[in-house]
Amino acid sequence: MREFAGKSVYKGIVLGPVIVLKKNDYRVKREKTDDAEAEIRRVEGAVAQAQAQLQKLYEKAVKEVGEASAAIFEVHQMLLEDEDFQEAVNNTIRNEGVKAEYAVAVTGDNFSEVFEGMDDEYMKARAADIRDISNRLIGNLTGRAEEDLDAAGPAIILADDLSPSETVQMDKKKILALVTVRGSANSHTAILARMMNIPALIGVPLDLEEICTGTEAIVDGYGGKLILQPSLELKEETEKKIQDEREKLQLLHELKGKKTVTKSGRKIHLFANIGSVSDIGYVLENDAEGIGLFRSEFLYLGKTALPSEEEQFNAYRQVLQMMGGRKVIIRTLDIGADKQADYLNLDKEANPAMGYRAIRICLKQPDIFKTQLRALFRAALYGNLAVMYPMIISADEVKKIYEIVDEVKKEFEETGIPYRIPEQGVMIETPAAVMISDELAQMVDFFSIGTNDLTQYTLAIDRQNEKLDDFYDAHHPAILRMIRMVTDNAHKHGKWAGICGELGADLELTEEFVKMGLDELSVAPSMILRIRKKITEMD
Ligand code: PEP
Ligand code: MG
């Protein structure tokens with residue numbers, strides 16, 4: 001029995017055989033050629049074939065994991081068109097007189113090394129994308145059929161690093177878990193694993209050469225562990241845990257379709273948090289009563305340009321239609337800090353969490369904001385939409401937002417485009433917003449408390465810094481008092497208040513939140529039924 005630690009990017013526990021993907025076995029020989037131009041034409045053919053393959057993959061991914069996650073295949077298509085890459089391949093063929101396979105392999109290695117050496121975590125993660133496209137090209141050049149990764153049935157996939165296209169090509173039903181030696185939590189593979197609900201560990205120090213396909217293993221996403229050849233005792237323990245998980249889930253599913261009401265008749269709106277249209281499946285599966293936080297910024301990530309009004313309108317309308325009249329609260333762009341989009345060319349900042357982000361960007365660059373508002377107000381005609389604004393610190397900001405909303409309204413009136421101004425609320429996620437919540441409550445329709453940032457700013461603890469985990473007290477009395485204060489101020493002015501930060505899903509606090517009078521809790525879809533159980537059992 002051998003145990004390895006890694007970083008868990010999606011929780012869950014599984015037991016089964018492993019499939020080892022020894023991608024590095026695939027080595028390209030340095031073969032010479034006399035006809036460089038013929039080799040260059042072979043590369044062109046392989047590129048065209050790759051473009052068609054990627055288009056298919058993109059369409060498959062849109063259906064399975066949504067447009068935002070599928071966008072990576074568009075990025076791959078663009079990387080294939082990159083003139084520097086093509087020129088480097090052609091020059092290698094001409095100058096060294098080598099065959100296409102070798103030229104592509106060398107260029108792919110060089111380019112991915114450049115990306116790997118960059119400081120920016122996002123750019124670093126793109127090295128895997130470069131390796132992915134060069135492997136695809138080599139595969140096409142050699143006529144090697146794409147490996148059928150899932151041919152062997154349900155298994156734990158062990159790999160050096162998985163590319164997004166490999167991940168999305170796999171048949172979800174046949175993967176028990178994903179474990180990689182390399183890869184970052186920011187990689188698209190990690191994002192896809194989370195979307196696909198597959199337990200995944202990254203950064204596991206394995207020597208893949210010495211592990212055989214078929215070896216039994218346990219992936220414990222809760223403890224961030226991979227255990228090879230587990231003892232009989234541990235296997236039995238794990239099987240029991242898996243069975244317990246299944247039974248708990250089964251019991252919870254009996255709560256589907258039930259109301260979230262305490263025994264004494266208090267109703268709590270139990271909503272779900274999502275990041276993309278494709279997450280709606282989990283929302284419906286877990287019977288959420290609405291969406292309390294749609295992090296719209298995910299529509300802006302993994303792209304090369306801002307999403308157009310039409311693209312946003314289609315996404316918002318789709319969510320509203322799929323939720324069929326249930327409330328959908330879409331948060332306007334909360335980009336910046338850990339969520340960066342290169343095309344915005346934001347400066348590097350010493351304190352990005354306290355920097356140029358979220359509503360600050362929207363107020364300074366109103367064109368970006370107006371495009372989003374237009375898409376939202378047009379989509380509002382298709383369901384029960386509410387919008388909320390992030391990172392508010394002053395009443396003046398709310399006034400400025402309303403001025404921009406009025407401009408958008410005026411433009412619609414002038415052009416005759418149909419629209420509806422939905423309910424508008426603010427996120428309470430700064431201590432400043434808490435302290436002026438009495439005033440803010442008179443200006444907005446509702447409050448949604450973002451405890452993730454509120455805790456970060458109140459306790460002066462960078463939420464990204466894992467070294468501070470021991471200091472991060474999610475139950476700190478300052479936070480709980482703030483939540484109470486915000487709720488009281490909302491109610492004083494006849495408005496409702498909810499929580500959409502992670503604390504909202506903390507079962508130890510559910511009872512306290514209900515007692516404080518919170519009207520809504522918005523949590524990860526997988527937590528909905530657990531919280532409903534807790535609330536329905538409360539007096
Ligand atoms: C929060 O800050 O609590 C919140 C819900 O927003 P995010 O986690 O996206 O910053
Ligand atoms: Mg926040």
Side-chain angles (χ1 to χ4, degrees), residues 68 185-186 191 194 269-276 279 283 288 290-302 327-341 346 349 351-362 372 386-393 397 425-434 437 440 444 446-466 468-469 472-476 478-480 482-483 486-487 497-506 509 513 518-528 531:
N186 289 322
I191 295 168
R194 277 186 219 117
H269 295 281
L270 200 46
F271 291 170
N273 294 347
I274 62 164
S276 81
D279 295 346
V283 174
I291 289 168
L293 167 64
F294 178 1
R295 290 180 161 98
S296 71
E297 57 277 8
F298 283 100
L299 290 174
Y300 293 68
L301 301 180
K327 192 182 277 301
V328 174
I329 305 176
I330 301 182
R331 168 173 80 187
T332 59
L333 182 60
D334 185 11
I335 218 152
D338 57 317
K339 290 173 276 195
Q340 291 288 339
L346 301 178
E349 296 175 316
N351 290 306
M354 293 195 268
Y356 185 56
R357 56 174 294 197
I359 202 69
R360 300 167 185 182
I361 296 179
C362 290
Q372 182 170 38
V387 297
M388 66 180 173
Y389 306 107
M391 290 294 299
I392 295 296
I393 56 165
E397 283 172 344
V426 286
M427 287 193 68
I428 303 288
E429 49 185 349
T430 64
V434 173
S437 53
L440 291 175
V444 301
F446 64 93
F447 286 154
S448 187
I449 306 171
T451 49
N452 308 338
D453 278 318
L454 186 58
T455 308
Q456 144 161 287
Y457 298 127
T458 306
L459 305 187
I461 286 184
D462 177 356
R463 65 192 261 197
Q464 302 289 109
N465 188 339
E466 59 200 48
L468 302 177
D469 281 355
Y472 190 100
D473 175 9
H475 294 198
H476 196 290
I479 304 298
L480 298 179
M482 283 176 159
I483 295 173
V486 170
T487 311
I499 298 179
C500 64
E502 295 301 304
L503 201 63
D506 190 328
L509 291 173
F513 291 149
L518 279 146
D519 305 280
E520 177 242 27
L521 294 174
S522 189
V523 299
S526 58
M527 288 305 292
I528 294 280
I531 299 172

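Numbering of ligands and ligand atoms starts at 1, following listing order.
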(request) May I ask whether Met427 has any heavy atom positioned less than 4.0 angstrom from an atom of ligand 1? (result)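 Judged by the 4.0 Å heavy-atom criterion, Met427 does count as contacting ligand 1.
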(request) Examine ligand 1 and decide if any of its atoms is less than 4.0 Å from a heavy atom belonging to Arg463. (result)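 Within the 4.0 Å threshold, so yes.
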Counting N and O atoms only, with roles assigned by atom type, does the side chain of [X] sit under 3.5 Å from a partner on the main chain of [Y], one being a donor and the other an acceptor?
X: Thr430; Y: Ala433; answer: yes
X: Asp473; Y: His475; answer: yes
X: Asp519; Y: Ala497; answer: yes

(request) Closest by any non-hydrogen atom to atom 1 (C) of ligand 1: pick that one out of Asn452, Ile449, Leu503. (result)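 Minimum heavy-atom distance to atom 1 (C) of ligand 1 goes to Asn452.
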(message) Could you work out, for atom 5 (C) of ligand 1, the closest of Glu502, Arg295, Lys339 by heavy-atom distance?
(response) Arg295
(message) Starting from atom 6 (O) of ligand 1, what is the nearest protein heavy atom, named by residue and atom, and what distance separates them?
(response)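 Minimum-distance protein heavy atom for atom 6 (O) of ligand 1 reads Arg331 NH1, 2.9 Å.
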(message) Under 2.8 Å from the Mg ion (ligand 2), which protein N, O or S atoms do you find? Ignore water molecules.
(response) Glu429 OE1, Asp453 OD2
(message) Using 0.5 Å steps for rounding, measure from the CG atom of Leu521 to the CG atom of Leu270.
(response) 6.5 Å
List the atom of [X], the atom of [Y], and the distance in Å for their closest heavy-atom pair.
X: Val486; Y: Ile449; answer: CG1-CD1, 3.8 Å
X: Arg331; Y: Pro390; answer: CD-CB, 3.7 Å
X: Met482; Y: Pro431; answer: CE-CB, 3.9 Å
X: Leu503; Y: Phe513; answer: O-CE1, 3.4 Å

(request) Show which atoms of ligand 1 fall inside a sub-4.0 Å distance from at least one heavy-atom site of Gly501. (result) 3 (O), 5 (C)
(request) Examine Asp453 against ligand 1 and note whether any of their N/O atoms are separated by less than 3.5 Å. (result) yes
(request) Would you check whether Thr451 has a nitrogen or oxygen atom less than 3.5 angstrom from a nitrogen or oxygen atom of ligand 1? (result) yes
(message) So if I apply the side chain to side chain contact (heavy atoms under 4.5 Å, CB included) rule between Ile359 and each of Leu333, Asp334, Ile392, which one comes out positive?
(response)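 Result: among Leu333, Asp334, Ile392, Ile392 is the only option passing the side chain to side chain contact (heavy atoms under 4.5 Å, CB included) with Ile359.
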(request) Only counting residues at least two apart or in another chain, list the ones meeting side chain to side chain donor-acceptor pair (under 3.5 Å) with Glu397. (result) none
(message) Is the contact between Leu293 and ligand 1 made by the side chain, the backbone, both, or neither, using heavy atoms and a 4.0 Å cut-off?
(response)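 Side chain only.
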